[in-house]
Each structure stands twice: as structure tokens, then as C-alpha cells.
Amino acid sequence: MTKKEQLYEGKAKKVFKTDDPEFLIVSYKDDATAFNGLKKGTIAGKGVINNKMSNRLMERLEKSGIPTHYVEEINDRETIVKKVSIVPLEVIIRNIAAGSFSKRYGVEEGFVFETPTIEFSYKNDELGDPLMNAYHAIAMKLATPEEIETIKKYAFAVNEELKKFWSGCGVTLVDFKLEFGKLSDGTVVLADEISPDTCRLWDSKTNEKLDKDRFRRDMGGVEDAYAEIMKRLNEHI
Ligand code: TMP
């Protein structure tokens with residue numbers, strides 16, 4: 001497959017057309033942003049780690065019956081994916097309170113939930129990705145009721161698979177954000193990425209943060225944390 005012109009540049013990835021209209025190439029950058037782009041920086045080596053981690057996890061999810069956009073890793077930073085139209089919802093699953101949940105509801109970070117939770121936010125940078133419920137999403141025609149049901153089912157299934165996998169690596173899956181897309185025939189598949197940018201991952205013994213919160217919160221040791229979490233994945237995949 002041949003890489004053609006750039007279609008889009010996001011905060012952490014570029015997307016290119018290919019000679020086949022059903023496939024795109026994503027290219028992962030080392031650029032990092034937080035707080036809707038207000039905070040900017042670079043995390044050396046992040047693009048390679050996020051590309052490989054996302055691909056290994058999506059291969060695993062595919063095996064467990066969850067369809068994804070993943071097709072083939074072509075080099076350290078670039079991957080062929082199926083072209084989808086993104087459902088403009090950020091789908092967040094939480095197992096443990098942290099981040100915006102802790103802030104919004106006054107719950108101490110680290111509080112273990114009785115059951116996993118799901119929430120949606122409207123993918124709209126100008127509005128700062130506001131929280132949105134499923135009724136709002138359906139009312140605004142962002143997704144049909146059937147698509148919302150499929151997305152919920154897949155998101156919780158992803159949680160079970162990833163919790164199990166990370167637990168074997170000595171890592172607690174605190175929360176994560178997913179995005180879904182629709183193929184040209186309307187099939188809903190998992191899209192975007194699964195990486196330390198989009199998940200909270202804590203060392204199971206020490207609760208040390210091994211994810212992008214180190215960048216968001218100026219904690220230092222960002223590159224080391226990304227390298228450590230990738231090492232754990234490589235030892236257990
Ligand atoms: P939050 O606690 O800030 O709402 O974040 C929940 C999860 O979503 C966390 O794992 C980080 C991830 N996330 C993204 O992937 N992109 C974003 O823009 C934000 C705000 C969070």
C-alpha cells in the first residue's frame with residue numbers, strides 16, 4: 001500500500017490517505033498536549049511506544065472478538081488502519097476514581113468503584129469536550145440507539161480484556177478513553193489508540209503513575225514511565 005497525501009494532523013498523530021480508499025496510514029508523533037491543547041510539550045519516543053502498544057493491544061482485543069480499525073504495523077511509528085468515520089464521542093471507562101471524576105464528584109483519587117463506570121463526552125475541542133449523556137448523543141444524531149448499545153458493550157468488554165492483561169503485567173488499569181468509528185458499511189469498530197496517553201496505568205504495588213498524568217501534572221520522569229510501561233507490555237504480550 002502506498003502512502004499518499006496527508007489528510008489530517010491531530011495533536012498526537014497525522015493521518016495519510018493511501019492508494020486504497022478503504023485504508024489510511026496513521027503516523028504517531030512525540031508531541032504531547034494537555035488541557036485541550038493549552039499545555040504543549042514533547043515526550044521523546046512516545047510516538048513509537050504509542051504506535052506499538054496500541055497495535056499489540058488491538059491485536060489482542062480482535063482475538064477476543066472486539067472489532068478494531070487495526071490492519072498492519074508498517075514501521076515504528078506508522079500503521080495501516082481501516083478508514084472509519086469517527087463517532088464524535090469520547091468513551092471513558094473508569095475502574096478507580098481519578099482525574100476529572102475525582103474533581104467533579106469530590107471523590108479521593110484511588111477510590112475503587114463497586115462496578116466500572118462509563119461516560120461520554122462530546123468530541124469538540126472548541127467546547128472543551130463537554131460531558132454528554134447517551135440521550136443527548138442520540139438527540140444530536142451523533143449515534144443511533146443501536147450504535148450506543150454496541151459501543152457500551154464493546155467498551156466494557158475492552159475493559160475486562162485490558163484489566164486482565166495489565167494485571168498480569170503488575171499494572172492497575174484505572175481508567176481509559178476510547179473512540180469508535182464506522183466502516184463504510186456502518187459496522188462499528190474500535191478506532192483511535194490505546195496508549196499511556198489515553199489510559200491511566202498505575203504500578204499495582206506502589207501505585208506509581210506510568211502514564212501521561214506525569215506530563216499533565218509536571219511530575220517528571222515522563223519518558224521513563226512510558227519506557228517502563230512498554231517494557232512491561234513486551235514482557236507479557
Ligand atoms: P479524565 O479523568 O481527565 O476525564 O480522563 C479520563 C481518561 O481519559 C484518562 O485515562 C485520560 C483519558 N483522556 C484522554 O485520552 N484524552 C483527553 O483529552 C482527556 C481529557 C482524557
Side-chain angles (χ1 to χ4, degrees), residues 9-13 26 28-41 43 46-47 49-51 53-54 57-58 61 68-69 86-113 116-133 137 151-152 154-156 158-163 165-167 169 171-181 190-204 207-219 222 225-226 229-230 233:
E9 177 162 6
K11 287 180 282 214
K13 294 188 286 293
V26 292
Y28 286 75
K29 307 189 286 181
D30 285 350
D31 298 351
T33 64
F35 315 117
N36 203 16
L38 234 58
K39 182 183 171 77
K40 286 190 177 71
I43 302 173
K46 171 171 89 80
I49 288 174
N50 286 10
N51 182 40
M53 183 176 294
S54 193
L57 294 175
M58 287 207 190
L61 293 171
T68 78
H69 72 160
I86 288 284
V87 177
L89 293 172
E90 301 208 335
V91 181
I92 295 154
I93 297 277
R94 301 180 192 267
N95 298 304
I96 295 175
S100 69
F101 188 99
S102 289
K103 201 168 167 210
R104 180 174 300 114
Y105 300 112
V107 181
E108 197 185 337
E109 198 158 271
F111 175 84
V112 180
F113 294 138
T117 68
I118 190 164
E119 71 207 39
F120 301 111
S121 45
Y122 179 30
K123 228 175 111 63
N124 183 318
D125 280 343
E126 268 170 50
L127 301 175
D129 300 339
L131 207 55
M132 170 174 269
N133 72 34
I151 286 170
K152 284 201 280 193
Y154 288 159
F156 283 119
V158 168
N159 188 39
E160 291 312 311
E161 275 303 312
L162 294 187
K163 259 198 304 194
F165 172 71
W166 283 119
S167 152
C169 304
V171 171
T172 304
L173 178 62
V174 174
D175 58 29
F176 56 95
K177 184 265 296 180
L178 301 175
E179 293 183 26
F180 291 86
L190 179 63
D192 194 49
E193 67 179 273
I194 308 173
S195 72
D197 277 20
T198 62
C199 302
R200 286 195 173 93
L201 300 160
W202 294 355
D203 179 272
S204 306
N207 281 349
E208 187 193 353
K209 296 184 198 308
L210 300 173
D211 58 58
K212 193 179 167 188
D213 267 352
R214 302 198 77 88
F215 169 80
R216 295 188 187 100
R217 302 179 187 190
D218 294 320
M219 296 170 75
V222 186
Y226 275 70
I229 197 76
M230 192 62 201
L233 177 137

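Read the numbers this way: they start at 1 and go in the same order the structure lists the ligands and their atoms. The figures here come from the full heavy-atom set of this structure, side chains too, leaving out hydrogens, waters and symmetry mates.
Of all atoms in ligand 1, numbered sequentially from 1 with element shown, those under 4.0 Å from a heavy atom of Cys199 are 10 (O). Atoms of ligand 1 found under 4.0 Å from any heavy atom of Ser100 (numbered from 1 in listed order, with element): 1 (P), 2 (O), 3 (O), 4 (O). Those atoms of ligand 1 with a heavy atom of Thr198 less than 4.0 angstrom away are 10 (O), 12 (C), 15 (O). For ligand 1, the atoms sitting less than 4.0 Å from at least one non-hydrogen atom of Phe176 are 10 (O), numbered in the order shown with element in parentheses. Here is the list of ligand 1 atoms found below 4.0 Å of a heavy atom in Gly99: 2 (O).
Protein heavy atom nearest atom 3 (O) of ligand 1, with residue, atom name and distance: Arg200 NH2, 3.7 Å. The closest protein non-hydrogen atom to atom 18 (O) of ligand 1 is Glu90 OE1, 4.1 Å. Distance from atom 7 (C) of ligand 1 to its nearest protein heavy atom, with residue and atom name: Asp175 OD1, 3.7 Å. Among protein heavy atoms, the minimum distance from atom 16 (N) of ligand 1 is reached at Lys177 CE, 3.8 Å.
Atom NZ of Lys103 sits in a sparse spot, with 12 or fewer heavy atoms from other residues, nucleotides or ligands closer than 6.0 Å.
The CD atom of Glu119 sits 11.5 Å away from the CG atom of Asn133 when rounded to the nearest 0.5 Å. Interatomic distance, Phe101 CZ to Leu131 CG, rounded to the nearest 0.5 Å: 10.5 Å. Put simply, CD1 on Ile229 and CD on Glu208 are 9.5 Å apart, with the number rounded to the nearest 0.5 Å.
Residue-level proximity to ligand 1 for Asp197 is carried by the backbone, the only part with a heavy atom below 4.0 angstrom.
When the heavy atoms of Arg216, Glu193, Glu109 are ranked by distance to atom 21 (C) of ligand 1, first place goes to Arg216.
Not one N or O of Asp129 is nearer than 3.5 Å to an N or O of ligand 1, by distance alone. Close N/O approach between Glu119 and ligand 1 is not found [any backbone or side-chain N/O within under 3.5 Å].
Between Arg200 and Asp175 there is a salt bridge, with a side-chain nitrogen of the basic residue lying less than 4.0 Å from a carboxylate oxygen of the acidic one.
Side-chain atoms of Asn207 and Asp203, non-hydrogen and from C-beta on, never get closer than 4.5 Å to each other. Contact of the Leu233 side chain with the Leu57 side chain is registered, since non-hydrogen atoms from C-beta on lie closer than 4.5 Å.
When each of Leu173, Val171, Leu201 is checked for a side-chain contact (heavy atoms from CB on, under 4.5 Å) with Leu162, only Leu173 meets the rule.
Pairing each heavy atom of Ile93 with each of Pro116, the nearest pair is CG2-CB, 4.5 Å.
Distances shorter than 4.0 angstrom occur between a heavy atom of Arg94 and an atom of ligand 1.
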